[in-house]
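To start, the structure under review is shown below, and the notes come after it.
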There are 2 protein chains.
Amino acid sequence: MTRRTRVPHEAAHPDTTPIRGVPEATVARLPLYLRALAALVDRGVDTVSSEELAESAGVNSAKLRKDLSHLGSYGTRGVGYDVNYLRRQISREVGLTQDWPVVIVGIGNLGQALANYAGFASRGFRVAALVDADPALTGKQVAGLTVQHTDDLERLVAQLSIAIGVIATPAVAAQQVCDRLVAAGVTSILNFAPTLLHVPEQVGLRKVDLSIELQILAYHEQRRSGAPLALTAEQAAELAQAVRG
Amino acid sequence: MTRRTRVPHEAAHPDTTPIRGVPEATVARLPLYLRALAALVDRGVDTVSSEELAESAGVNSAKLRKDLSHLGSYGTRGVGYDVNYLRRQISREVGLTQDWPVVIVGIGNLGQALANYAGFASRGFRVAALVDADPALTGKQVAGLTVQHTDDLERLVAQLSIAIGVIATPAVAAQQVCDRLVAAGVTSILNFAPTLLHVPEQVGLRKVDLSIELQILAYHEQRRSGAPLALTAEQAAELAQAVRG
DNA sequence: GGGTGTGAAGCTATTCACAGCC
DNA sequence: GGCTGTGAATAGCTTCACACCC
C-alpha cells in the first residue's frame, strides 16, 4: 500500500505550454472581457488599457493582463489593446466564431425563458430545437419554434448537428434526459435542474442552480444583520458556549 | 524541516474563531450538501458516512469533512453523520431557518420563470413582490401575485421587510434598479442582467449570466472536437510556430 | 512617459494521510 | 475495525512589482 512516499515525479521542467492549458479560472472570465469589449465597441472606443478594460469587466488589471497573456501577446506596450482585434481573438479562443446549435429540453417556465433569451443568439448560440415530454406542449409554438416530443430527441440531435444540450426539466427527469442526450452524441450539457448529473469523462457539464445563489446570499445576509433577530434556543446555547470559551 | 513537529498538540485557543470565518468556497458548497441531505431524508436514510454524502453531493470526501469541520464537529467517529441533525445545523448556518421575503424586479420571461420557481419556496425564499416598469404588465397576476409598478419599489421593500432583491430586467435598466433597491434598504442582490453592477461595500451581490455558462461550455467543446474544423490562417500559423518551437 | 507581460510572492483551496475516538 | 477531524503537503489562483518595450 502507499507509504508516505511523497514522490517528486518532476521537479524542474520548462513546460510552458503556450498554446494550450488556459487555466479554468481564466476561461470563466473570458466571457466577461467579451462583454466589456462589446460595450466599448458600442461606445466607439478603439483602444483600451488593461486598467480601463479591467474596470469595465469588474476585475483588477493585473489579473486581466495575466489572463490575456495565456492567450497570446495581443497588446502593445505603452499603448494598450486594440478593442476590435482583442475581441476577435477572444471570440475565436472561446469558439464564438462558429455556430452552436443548441437543444433545450424541458419547456416549462424556465425553458421558455431560455428559448426567448436574447443573450444566447447574440453570442452565436442558436436555439435549434425545443423538446418536452408533455404531449400538451408538443406542437405549440415557443420563441418561433415548434416544441417537439422527447421521443424525437435522438433524431433532432443528429439531424441538426447539436453538440450542446440545455436541461430545464424537473429534477427527477434530468438524469434520464441527460443520458439520452449523451447517447445521441451531445458532448456539452448545461443543467438547470437542481440535481447532480452523472456524465462520462469526455462530456462537458456545467450547472446553474438558481436557489443555490440565493442561499449563498442568505448566508452572508444573515451574518450582516439577521442572525440576532432569529436566534433559536440552540443558537443561543451555542453562542453562550462560544462566549464562555 | 518540520518533519515531525509534535509539540503544540492542540494549543487549544478560543482564538480560533469557530463561529465565524467559513471559507467562501465552503459556503458555496453548503447548499449542495443540503440538497443531498434532503434526498437522503426522502429515502429514509438516517446516518451517512462522509464518503456516501460526498458521493451524493458530487464532491470528494476529504473536502466534505473539511467543509463540515468549519461549522463544527457534527459527526461521530466510526459512525458518520446523523442526517437530520446535520441538515438542521447546515440550514441554520446558511440561514434557511428564517423566512426571506424576496422582490423580483423585471417580470419578463425570466422574471416570470423565477416567480414560479418551486426551488425558491422550498428553501424558505418567499417571493413577496413582483415589480415591473411596463404599465401593460402591472396589475396582472403572475405566480399568484399582482405585478406592481416600479414606482412602488421603495414602499414595497419597506413594508414587506425585504432584504433580498432579484434583478431580471434588461441590462440597461439594471444599474438603476439596483441603486433604488440599495437605497430602499435591500442588502443582498442577485443579478440576472448581463451587465456589471456597482454596489456599496456592505451589499452582497451575486450574478448569474446564462450566456456565460454556455460560452464556457463552448470553449471546451471547441477543444474537444471543433477546433480543427474552423482553423483560421492565424491559428494555423500559431500552431506551426508552436510545433517548430 | 506609459503600459504590457511576467517572474516571484502571497494567498486560498484541495488533497493526502493519519492520529484520535467510537 | 471504521470513520471523523485535521495538520501537512500540494495545487491553483491572485496580486505585486518591475523589466522591457513602444
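For clarity, every value in this text was computed on a predicted model and none was experimentally measured. The chains referred to below are lettered A, B, ... by the order of the sequence lines, with proteins before strands, and numbering in each begins at 1.
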- Query: Out of C:dG5, D:dA8, C:dA8, which has the shortest distance to the side chain of A:Lys66?
  - Reply: C:dA8
- Query: Which whole-number value in Å describes the distance from B:Tyr74 OH to D:dG5 P?
  - Reply: 11 Å
- Distance in angstrom units between A:Glu24 CD and C:dT14 P, rounded: 14 Å
- Message: Just the rounded figure in Å: distance from C1' of D:dT15 to CG of A:Asp67.
- Response: 12 Å
- Below 4.0 Å: OP1/OP2 of C:dG5 and any side-chain N or O of A:Tyr81: yes
- Message: Looking at B:Ser91 and B:Arg88, would you say the former's side chain and the latter's main chain have a donor-acceptor pair under 3.5 Å?
- Response: no
- Short question: side chain of A:Arg43, backbone of A:Ala39 - any donor-acceptor pair under 3.5 Å? no
List, with names and distances, any nitrogen or oxygen atoms from the protein found under 3.5 Å away from nitrogen or oxygen atoms belonging to nucleotides 18-22 of chain D.
| unit_1 | atom_1 | unit_2 | atom_2 | d |
| --- | --- | --- | --- | --- |
| D:dC20 | O2 | A:Arg77 | NH1 | 2.9 |
| D:dC22 | O4' | A:Arg77 | O | 3.3 |

- Message: Reading DNA chain D from 5' onward, which residue's closest nucleotide shows up sooner: B:Ser50 or A:Arg29?
- Response: B:Ser50
- Message: Main chain of A:Thr187, side chain of B:Arg224: is a donor-acceptor contact present, judged purely on distance under 3.5 Å?
- Response: yes
- Query: Would you say B:Glu51 has more than 12 foreign heavy atoms packed within less than 6.0 Å of its CD?
  - Reply: no
- Just how far, in rounded Å, is P of D:dT6 from NZ of B:Lys63? 19 Å
- Task: May I ask you to test the A:Tyr81-A:Leu37 pair for a side-chain heavy-atom distance under 4.5 Å?
- Result: no
- Euclidean distance, atom CG of residue A:Leu64 to atom P of C:dT4 [Å, nearest integer]: 8 Å
- Check whether any side-chain N or O of A:Asn191 sits under 3.5 Å from a backbone N or O of A:Thr195 as a donor-acceptor pair, and report yes or no. yes
- Query: Are B:Glu52 and B:Ser56 close enough, and set up right, to give a side chain to side chain donor-acceptor pair (under 3.5 Å), and what steps lead you there?
  - Reply: CA-CA 6 Å; B:Glu52 295 163 327; B:Ser56 33; over 6 Å; no
- Message: In whole Å, I'd like the distance from the CD atom of A:Glu51 to the P atom of D:dT15.
- Response: 13 Å
- Between C:dA13 (C1') and B:Asn60 (CG): distance, integer Å: 12 Å
- Could you give the angle between the helix axes at the two ends of the helix from C:dG1-D:dC22 to C:dC22-D:dG1, with five pairs per end, rounded to 10 degrees? 0°
- Message: Under the rule for side-chain contact (heavy atoms from CB on, under 4.5 Å), what residues qualify as partners of B:Arg180, not counting sequence neighbours?
- Response: B:Thr150, B:Leu153, B:Glu154
- Query: What's the CG-P distance between B:Leu71 and D:dT4, to the nearest Å?
  - Reply: 15 Å
- Query: Between the side chain of B:Trp100 and the main-chain N/O of B:Gly95, is any donor-acceptor distance below 3.5 Å?
  - Reply: yes
